[in-house]
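Because only heavy atoms are used, hydrogens play no part in the values below, and waters and symmetry mates are left out as well, while side chains stay in. Source: prediction; values computed, not measured. A note on names: the letters A, B, ... follow the listed sequences, proteins ahead of strands, and every chain is numbered from 1.
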2 protein chains.
Amino acid sequence: MDILDRDGLTEREFLERYRAGDFERPSVAADMVIFTVTDAEEDNYRKLPEKELRVLLIRRGGHPFLGKWALPGGFVRPNETTEQAAVRELREETGVDNVYLEQLYTFSDIGRDPRTWVMSCSYMSLIDGGQVQVKAGDDAAGAAWFKVSYRLVRESKELIEGGYVKTLQYELKLSSDHGELTAVVERTVTVTEASTATSYSIVSNDGLAFDHAKIIAYAIERLRGKVNYTDIALHLMPKLFTLTELQQVYEVILDKELLKAAFRRKVADLVTETDHYTENAGHRPSRLYRRSLEEFR
Amino acid sequence: MDILDRDGLTEREFLERYRAGDFERPSVAADMVIFTVTDAEEDNYRKLPEKELRVLLIRRGGHPFLGKWALPGGFVRPNETTEQAAVRELREETGVDNVYLEQLYTFSDIGRDPRTWVMSCSYMSLIDGGQVQVKAGDDAAGAAWFKVSYRLVRESKELIEGGYVKTLQYELKLSSDHGELTAVVERTVTVTEASTATSYSIVSNDGLAFDHAKIIAYAIERLRGKVNYTDIALHLMPKLFTLTELQQVYEVILDKELLKAAFRRKVADLVTETDHYTENAGHRPSRLYRRSLEEFR
DNA sequence: AAAATAGTGTCTGTCAGACAATATATG
DNA sequence: CATATATTGTCTGACAGACACTATTTT
């Protein structure tokens with residue numbers, strides 16, 4: 001079609017003459033919250049090991065935040081989508097491919113990067129414990145898997161004109177051989193007659209770079225929310241697993257104990273039984289399951 | 001702290017000397033999917049008017065997509081967050097302020113804007129029908145409220161090695177005095193042993209600019225999902241409303257009829273009754289409710 | 001037999017779907 | 001009274017929480 005604009009140009013002519021304005025543009029980074037689940041050490045081999053939720057962090061080798069720990073990530077390049085950048089980062093840092101990946105949120109606070117204007121388009125990826133190489137101890141690259149703990153530590157509600165403000169403080173604790181990082185992230189929900197608004201801020205932060213405490217907190221909340229009504233947790237499992245292991249994963253994500261019978265009923269449609277069993281476990285063998293490919297609901 | 005990097009610089013020195021690289025950067029736009037609910041015309045005044053879900057579109061006055069309809073939006077400026085840009089656009093286009101606003105998704109497909117590299121950080125806003133000025137007919141600005149219809153029109157499932165691909169096609173129909181726009185958006189879910197991936201693409205598109213059909217489809221799906229487990233729909237209601245009106249809003253969002261008794265039980269905790277009633281309605285008056293500010297759940 | 005986990009049975013209360021019955025305005 | 005909507009009652013089946021019981025392996 002050849003509609004002319006007010007300058008008498010066709011769309012083709014317009015585009016040929018178009019020059020990107022001299023407006024300042026942001027850099028956009030894709031930052032990855034990569035979760036996995038691993039077994040904790042267990043002295044008594046007859047007891048089942050506990051599961052731990054872990055997140056991958058990289059130690060920064062240059063300014064800013066030199067020596068602090070940051071999410072893996074990098075700038076999105078021209079002719080690449082944010083998702084492609086995320087996939088690229090994931091492969092570079094973990095060597096894995098074709099895993100669960102989900103866009104989380106785009107963070108754009110002013111000054112979130114002290115160098116320049118940088119937005120972060122964040123992604124969450126779930127990797128099964130089995131396929132994680134022992135990159136954990138790979139200190140050369142400065143990468144490590146940190147055990148995640150995320151707990152509500154303070155809750156308050158203040159009445160304001162025409163509504164209230166609810167403040168929730170969560171303590172994010174990340175621990176590994178390299179020490180422990182602690183941050184407190186606050187979620188503020190402002191409810192008034194007209195609207196409801198939620199915002200996140202970092203109250204304190206020891207050891208994490210940028211606003212990455214906020215991004216990790218956001219990822220954990222997304223994960224906790226989705227665990228209850230999707231099969232998302234199954235992406236953290238190896239090909240074959242027992243229902244008890246799956247329950248442990250749910251429990252470590254939700255930081256809450258679940259009842260066995262109810263749990264099994266709930267996940268029944270998400271898994272398919274196999275004819276394999278665990279062996280030499282020091283007790284009754286357990287049937288192994290795999291993720292069901294059939295739809296549920 | 002004065003840790004030195006490999007060049008022997010402190011963080012302050014590093015930042016003072018830092019120059020944004022000459023890497024190409026994307027423009028980032030904040031695009032708004034602004035929903036409201038209005039009454040349809042009703043001849044018989046004793047019957048209740050039906051509700052319609054509407055979205056605000058702007059007719060493009062220049063290339064590219066001259067004459068097509070687009071979501072309100074604009075580029076994010078330096079020293080501004082994407083959310084601030086969204087709030088700014090919202091105020092410019094509708095005059096409203098302090099309404100429900102939620103970040104949706106960041107779209108970054110290559111070539112989504114024929115001019116240059118542009119990502120779209122999209123937001124959804126919900127406005128109550130009462131406070132919408134008659135900007136609808138405001139043709140000068142080229143803005144109009146389009147009635148939304150979004151329906152599954154094709155569903156197929158193809159087996160692939162180690163899993164399956166499910167393809168869902170939705171027809172998005174937008175209608176107003178300015179005519180009807182139609183697009184078909186496809187959601188492809190690829191399920192394999194290792195992962196589950198979802199992607200959206202535009203199959204056909206008549207009258208909408210850019211990839212905005214995809215963004216609107218994404219917004220409708222988010223809205224439909226959240227309606228069932230949050231009080232999000234209440235942000236589409238005026239201060240006082242009847243339960244039947246609220247039910248109509250749920251029905252128009254979900255495109256599905258609901259049972260009255262069950263609906264009333266479900267929303268009981270989301271609303272607070274008042275002592276006011278509808279008047280002169282041609283039938284039994286109805287109690288008016290307002291959104292409950294108390295927490296639910 | 002003891003230790004440890006695997007797996008099943010069942011009661012109970014909540015809640016959504018379905019349908020029916022009753023209530024109260026206007027024309 | 002007819003029309004139209006408002007509001008409540010109740011039956012039923014699905015399902016989650018709670019708890020108890022049985023089963024099977026290794027030491």
T190(A) versus I160(A): any side-chain heavy-atom pair under 4.5 Å? yes
Atom CZ of R287(B) and atom P of dT7(D) are separated, to the nearest Å, by 7 Å
request  = Look at R264(B) and dT7(D) and indicate whether a side-chain polar atom (N or O) is within less than 4.0 Å of OP1 or OP2.
outcome  = yes
Counting the atoms with a prime plus P, OP1 and OP2 as sugar-phosphate, which does K260(A) contact under 4.0 Å by heavy atoms, base, sugar-phosphate, or nothing? base
Picking from dA4(D), dA18(C), dC19(D), the nucleotide nearest the side-chain atoms of H283(B) would be dA4(D)
* Asked: With respect to the phosphate group of dT7(D), does any side-chain polar atom (N or O) of S286(B) fall under 4.0 Å of OP1 or OP2?
  -> yes
*asked:* Can you tell me whether the side chain of R284(A) and the base of dA23(D) have a donor-acceptor pair closer than 3.5 Å?
replied: yes
To the nearest angstrom, the OH-C1' distance between Y277(B) and dT5(D) comes to 14 Å
Flag yes if more than 12 heavy atoms outside K173(B) fall under 6.0 Å of its NZ atom; otherwise flag no.
-> no
Rounding to 0.5 Å, atoms OG (S122(A)) and CD (Q103(A)) come to a distance of 7.5 Å
* Asked: Does T244(B) make a side-chain N or O approach to OP1 or OP2 of dT5(D) shorter than 4.0 Å?
  -> no
Judged by nearest nucleotide, the residue sitting upstream toward the 5' end of DNA chain D, G282(A) or A262(A), is A262(A)
Margin query: I'd like to know if R265(B) reaches the base of dG17(C) with its side chain such that a donor and an acceptor end up less than 3.5 angstrom apart.
Written below: yes
Taken to the nearest whole Å, CZ/F263(A) to P/dA18(D) is 16 Å
From CZ of R46(A) across to P of dT24(D) the rounded distance in Å is 17 Å
note: K47(A), atom NZ; dT25(D), atom C1'; distance rounded to Å ~ 18 Å
4.5 Å side-chain heavy-atom contact, V99(B) and H235(B) = no
Taken to the nearest whole Å, CG/L259(B) to C1'/dT10(D) is 14 Å
Closest of dA6(C), dC19(D), dA6(D) to the L48(B) side chain is dA6(D)
note: E245(A), atom CD; dT5(C), atom C1'; distance rounded to Å ~ 12 Å
Taken to the nearest whole Å, OH/Y45(A) to P/dA4(C) is 11 Å
In the structure I gave you, are the side-chain heavy atoms of Y170(A) and E221(A) within less than 4.5 Å of one another anywhere?
yes
